[in-house]
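Just so we're on the same page: letters track the sequence lines, and every chain starts at 1.
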Number of protein chains: 2
Amino acid sequence: MLKISELAERSGLSAHTLRFYEKNGLIRPSKRSEAGYRLYDAADLRKAEFIRTARSIGFSLDDIAVLLSIRLDKESHTCEEVTVITQRKLDDVSKRIAELRSMQKTLTILLDSCCGGLETATHCSIMEALEDDAPGIEDTDAETHSKAGS
Amino acid sequence: MLKISELAERSGLSAHTLRFYEKNGLIRPSKRSEAGYRLYDAADLRKAEFIRTARSIGFSLDDIAVLLSIRLDKESHTCEEVTVITQRKLDDVSKRIAELRSMQKTLTILLDSCCGGLETATHCSIMEALEDDAPGIEDTDAETHSKAGS
DNA sequence: GTTGACCTTAGACTTGGCTCTAAGGTTTAT
DNA sequence: ATAAACCTTAGAGCCAAGTCTAAGGTCAAC
């Protein structure tokens, strides 16, 4: 059996984080020592690794809680349930990427427009662009997801 | 002169947000009425719009505070200062996009691998992938920004 | 028999950007 | 004269996912 810091080292999560996950219902030690120390077995380690993998893919702790409950009794759940969670996450990620790409595009245009030199900023095209609502860019679209908008 | 809710309406920021920005040193009304009401003039409106535009491009409030101080006295600042902030923001955004794209790729692979049907999750390939450290994917790289790292 | 490295708990703090509340004062319209 | 619709302030709450602290208990080594 592993003590918390041993599980931490093996799982790549910190002891603090493991306790935090426990408080949030994700992982509980399968045993306690007489003194009350958390003791984890091999299955707990696999679970911790599962959580870490899922986190690294971007799943929220809430998603992971659901995935863990499915994992606990796969017979009672379907592939559909799993794909629904995954698809929802993919949609989130894709949406966020689109937002960031719009920002990226705007920032790139701004940088391209400015000399970036040691001139005074009096006529800085970036500053000027920020004064306009659409900063010199026809297609800012940053949080304006008004594709159909005039 | 505009009262706060009038500025809010014209600038697209809420009155709450304007007060919050004031507390954070971004925008202060150029006057107060006898009763202590905030009163904003046309320059304040332009400033509020500047802030809103900068926010929509993704600049943090800290960045915007710096941009505003440059805006206040452009003669004493250079294009370089402005591009440094913009470039740093672009780098942030690009890095975040790369992280999200890695997640997106992984999620897409997971979804492609799973039937998504009403079968029990017993052999769900997504669940199986999450059990592995690298979920069936050679190139997770999600928070591993170790391009040069061994 | 004491040092030092662990472990326990409850709970506060962090980040960033709001968002809201409470408790009161002002203005405007009727 | 009074109600509705504003305005003020300080400060709390929210989100997610940790991160850290304080105050104490335990365990192995020397």
Side-chain angles (χ1 to χ4, degrees), chain A residues 1-40 44 48 51-68 88-89 92-93 96 99-100 103 142-143, chain B residues 1-40 44 48 51-68 88-89 92-93 96 99-100 103 142-143:
Chain A
M1 305 288 285
L2 303 170
K3 278 188 284 186
I4 195 165
S5 66
E6 293 164 339
L7 178 63
E9 198 175 346
R10 278 175 178 68
S11 68
L13 300 166
S14 77
H16 278 307
T17 297
L18 285 166
R19 290 195 199 95
F20 169 73
Y21 285 174
E22 181 175 342
K23 204 161 41 181
N24 283 262
L26 297 191
I27 186 168
R28 225 165 335 129
S30 44
K31 253 184 122 175
R32 290 276 185 152
S33 75
E34 293 209 351
Y37 285 22
R38 289 171 178 81
L39 295 175
Y40 300 92
D44 295 329
I51 295 171
R52 204 176 92 85
T53 301
R55 279 295 294 132
S56 78
I57 294 172
F59 287 110
S60 68
L61 299 189
D62 280 357
D63 286 339
I64 293 173
V66 177
L67 290 171
L68 285 173
R88 190 158 30 71
K89 189 73 217 169
D92 288 353
V93 167
R96 186 75 188 122
E99 289 166 2
L100 286 168
M103 292 179 195
E143 93 293 76
Chain B
M1 306 286 284
L2 303 170
K3 278 187 284 186
I4 194 164
S5 66
E6 292 164 338
L7 178 62
E9 198 174 347
R10 279 175 177 67
S11 69
L13 300 166
S14 77
H16 277 306
T17 297
L18 286 166
R19 289 194 201 96
F20 169 74
Y21 285 173
E22 182 175 342
K23 203 160 43 180
N24 282 263
L26 296 190
I27 187 169
R28 224 166 335 128
S30 42
K31 255 183 119 173
R32 290 276 185 153
S33 75
E34 293 207 352
Y37 284 22
R38 290 170 178 81
L39 295 175
Y40 301 91
D44 293 330
I51 294 172
R52 204 175 92 86
T53 301
R55 280 295 294 131
S56 78
I57 294 171
F59 287 111
S60 69
L61 299 188
D62 280 357
D63 286 339
I64 293 173
V66 176
L67 291 171
L68 286 173
R88 189 158 30 71
K89 189 71 217 170
D92 287 355
V93 167
R96 185 75 188 122
E99 290 167 1
L100 286 169
M103 292 179 194
E143 93 290 79

Do you know the tightest heavy-atom contact between [X] and [Y]?
| X | Y | answer |
| --- | --- | --- |
| B:Met103 | A:Ser56 | CG-O, 4.2 Å |
| B:Ala8 | B:Ser14 | CB-C, 3.9 Å |
| A:Glu6 | A:Met1 | OE1-O, 4.0 Å |

Between [X] ([atom1]) and [N] ([atom2]), how many Å, whole number?
| X | N | atom1 | atom2 | value |
| --- | --- | --- | --- | --- |
| A:Leu26 | D:dG18 | CG | C1' | 12 Å |
| A:Arg38 | C:dC6 | CZ | P | 17 Å |
| A:Ile4 | D:dT26 | CD1 | P | 17 Å |
| A:Lys23 | C:dT9 | NZ | P | 10 Å |
| B:Arg96 | C:dT15 | CZ | C1' | 14 Å |
| A:Arg19 | C:dC6 | CZ | C1' | 10 Å |
| A:Glu34 | D:dC27 | CD | P | 8 Å |
| A:Asn24 | C:dA10 | CG | P | 13 Å |

Distance test, side-chain N/O of A:Tyr21 to OP1/OP2 of D:dA17, below 4.0 Å: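 It does not, given that no N or O in the side chain of A:Tyr21 lies less than 4.0 Å from OP1 or OP2 of D:dA17.
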
Under-4.0 Å salt bridge between B:Glu22 and B:Arg19: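 B:Arg19 and B:Glu22: not salt-bridged.
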
DNA chain C: 5'-proximal contact among B:Ala35 and B:Asp62 (nearest heavy atom):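 The residue mapped nearer the 5' terminus is B:Asp62.
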
Residue whose closest nucleotide on DNA chain C lies nearer the 5' end, A:Lys3 versus B:Phe59: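 On the 5' side of the pair lies A:Lys3.
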
Sugar-phosphate only, base, or nothing, as touched by A:Ser5 at under 4.0 Å among non-hydrogen atoms: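 Answer is sugar-phosphate: A:Ser5 comes under 4.0 Å of backbone atoms only.
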
Sugar-phosphate, base or nothing in reach of B:Ser60, heavy atoms under 4.0 Å: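 Sugar-phosphate, backbone atoms only, no base.
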
From A:Leu18, A:Ile4, A:Ile27, residue fulfilling side chain to side chain contact (heavy atoms under 4.5 Å, CB included) relative to A:Leu13: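 Of A:Leu18, A:Ile4, A:Ile27, side chain to side chain contact (heavy atoms under 4.5 Å, CB included) with A:Leu13 is met by A:Leu18 alone.
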
Donor-acceptor pair (no angle test) under 3.5 Å: B:Tyr37 side chain, C:dG25 base: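 In this structure, the two groups form a donor-acceptor pair.
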
